[in-house]
Amino acid sequence: MSGAGVFRQYAVPEPLAPYVRRIWSYVDECPSAIERIVPDGFPELVIDLAGRALEIRTDGTASAQPPVLMAGQLTRPMTLKVEGPVHVVGVSFHPDGARDFWGQAMQGLTDRRLDASHRLPEALASIKDETALVCALIGELSEKASGWSIDPLVREQIEGRAPVATDPASVRNLQRRFLDRVGVSARSLRSVQRFRAVFDHADQDENWLQAGLAAGYFDQPHLARDFQRFVGCSATAWARERLALTRAILS
């Protein structure tokens, strides 16, 4: 990205707070042609008001992203090709918060971005004004949330408060429930959360080793492996690229 983009956050109303961590928008009139999106542990509903993003697959081919999409958990980086200005509105759910909105097991969304237009009224998806869209989106989701629920054991495990289960049947049951609500295993989610924490600890000089140690990494090779795994390049190369949208999502 150009680094001149504008990232906005909107207040999350109380009925959505158990499920939604952030409602946001991003506008960039002069974005970079190629953008790398890395795992952050949060599924997202994204509405593209500009309609100019192409997803680049690992084989080099490209496909247009739907204007209303649901993105599940990422376990590897995703590459976007942007053609023209960027204007997107997003709803970032808690790791286990999107299950009832999506209406299906989140495991089927892992590393996938699927058309979510059927989950919203057609009139809402056609709104092009950001403020009006956000207001309508909050109203629609707040109404839907009255029928949603949270699995308390899954939420406790996400927050690190769950007691350690020793009974094999209980362990397997919790693993199935976690995959259903989150889309990845608890171990995979913790790996992503630890990687995200690196950016919380990074200073302006981007001392990645110190930030990694503060986030829970054992040494530099350990951190370097996760940079390759989750970003697809080294920490030095990532910093050099200055991917503004990715940094905004991770911050």
Side-chain angles (χ1 to χ4, degrees), residues 9-24 38-47 68-76 89-114 116 118-120 134 137-201 214-217 226 230 249-251:
Q9 291 194 71
Y10 294 87
V12 177
E14 186 176 349
L16 290 179
Y19 313 99
V20 173
R21 64 181 285 265
R22 183 162 64 190
I23 299 170
W24 57 273
V38 305
D40 67 357
F42 305 107
E44 288 190 312
L45 170 68
V46 180
I47 301 176
V68 180
L69 68 84
M70 188 69 197
Q73 293 284 347
L74 288 175
T75 64
R76 56 181 181 265
V89 170
V91 177
S92 178
F93 292 88
H94 292 297
D96 59 335
R99 171 62 172 83
D100 289 344
F101 167 76
W102 184 238
Q104 301 179 45
M106 294 301 293
Q107 191 174 7
L109 259 181
T110 300
D111 287 319
R112 302 178 71 190
R113 278 66 58 188
L114 299 181
H118 64 288
R119 304 303 301 170
L120 296 174
V134 170
L137 188 58
I138 288 175
E140 176 69 18
L141 294 180
S142 296
E143 183 176 346
K144 287 180 177 291
S146 62
W148 297 349
S149 63
I150 292 295
D151 186 321
L153 287 180
V154 172
R155 179 59 62 90
E156 288 175 0
Q157 189 167 30
I158 290 170
E159 297 176 347
R161 300 184 290 108
V164 178
T166 56
D167 174 58
S170 298
V171 171
R172 288 193 296 272
N173 178 54
L174 182 55
Q175 289 173 339
R176 286 193 295 268
R177 289 161 65 176
F178 202 95
L179 285 172
D180 177 77
R181 306 293 306 191
V182 179
V184 295
S185 69
R187 181 177 180 180
S188 294
L189 181 63
R190 284 195 296 270
S191 295
V192 171
Q193 290 173 329
R194 179 178 57 195
F195 184 69
R196 278 194 74 249
V198 172
F199 297 86
D200 296 332
H201 292 287
Y217 283 89
D226 269 5
F230 293 129
I249 290 174
L250 288 172
S251 66

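The shown structure was predicted, so the numbers you read here are calculated from the model rather than taken from an experiment. Residue numbers count from 1 along this sequence.
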Less than 4.0 Å between a side-chain N and a carboxylate O, is that true for Arg172 and Asp167?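 Judged by the 4.0 Å cut-off on N to carboxylate O distance, Asp167 and Arg172 do not form a salt bridge.
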Note: Arg177-Asp151 ion pair, threshold 4.0 Å (strictly below):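 Salt bridge between Arg177 and Asp151, a charged N being under 4.0 Å from a carboxylate O: yes.
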For the [atom1] atom of [X] and the [atom2] atom of [Y], what is their distance to the nearest 0.5 Å?
{"X": "Leu16", "Y": "Glu14", "atom1": "CG", "atom2": "CD", "value": "10.5 Å"}
{"X": "Arg22", "Y": "Gln9", "atom1": "CZ", "atom2": "CD", "value": "5.0 Å"}
{"X": "Lys144", "Y": "Leu120", "atom1": "NZ", "atom2": "CG", "value": "7.0 Å"}
{"X": "Leu153", "Y": "Asn173", "atom1": "CG", "atom2": "CG", "value": "8.5 Å"}
{"X": "Ile23", "Y": "Ile138", "atom1": "CD1", "atom2": "CD1", "value": "4.0 Å"}
{"X": "Asp200", "Y": "Gln193", "atom1": "CG", "atom2": "CD", "value": "11.0 Å"}

Please answer whether the main-chain N or O of [Y] pairs with a side-chain N or O of [X] as donor and acceptor at a distance below 3.5 Å.
{"X": "Ser142", "Y": "Gly139", "answer": "no"}
{"X": "Thr110", "Y": "Gly183", "answer": "yes"}
{"X": "Glu44", "Y": "Val91", "answer": "no"}
{"X": "Tyr10", "Y": "Val134", "answer": "no"}

Would you indicate whether the side-chain heavy atoms of [Y] and [X] approach each other to under 4.5 Å?
{"X": "Trp148", "Y": "Pro18", "answer": "no"}
{"X": "Arg181", "Y": "Arg155", "answer": "no"}
{"X": "Val38", "Y": "Leu74", "answer": "no"}
{"X": "Phe178", "Y": "Ile158", "answer": "yes"}
{"X": "Val89", "Y": "Leu45", "answer": "no"}
{"X": "Pro43", "Y": "Met70", "answer": "yes"}

Applying salt bridge (charged side-chain N to carboxylate O under 4.0 Å, His left out), can you list everything that pairs with Arg161, at least two apart in sequence or on another chain?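 Testing Arg161 for salt bridge (charged side-chain N to carboxylate O under 4.0 Å, His left out), a comparison that skips the adjacent residues, returns Glu159.
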Sequence neighbours excluded, which residues qualify as salt bridge (charged side-chain N to carboxylate O under 4.0 Å, His left out) partners of Arg76?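 Arg76 satisfies salt bridge (charged side-chain N to carboxylate O under 4.0 Å, His left out) with Asp111 once adjacent residues are dropped.
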If you compare all heavy atoms of [X] against all heavy atoms of [Y], which two are closest, and at what distance to 0.1 Å?
{"X": "Pro39", "Y": "Arg196", "value": "O-CG, 4.3 Å"}
{"X": "Ala11", "Y": "Pro13", "value": "O-CD, 3.5 Å"}
{"X": "Leu189", "Y": "Pro95", "value": "CD2-CB, 3.9 Å"}

How about Tyr217 and Asp226: does a side-chain donor come under 3.5 Å of a side-chain acceptor?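 Yes, side-chain donor-acceptor contact under 3.5 Å.
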Under the side chain to side chain contact (heavy atoms under 4.5 Å, CB included) test against Phe93, which residue among Trp102, Phe42, Phe101 passes?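 Passing option: Phe101.
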For Asp180, the option from Gln175, Gln104, Arg99 that meets side chain to side chain donor-acceptor pair (under 3.5 Å):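 So, applying the side chain to side chain donor-acceptor pair (under 3.5 Å) to Asp180 and each of Gln175, Gln104, Arg99, only Arg99 qualifies.
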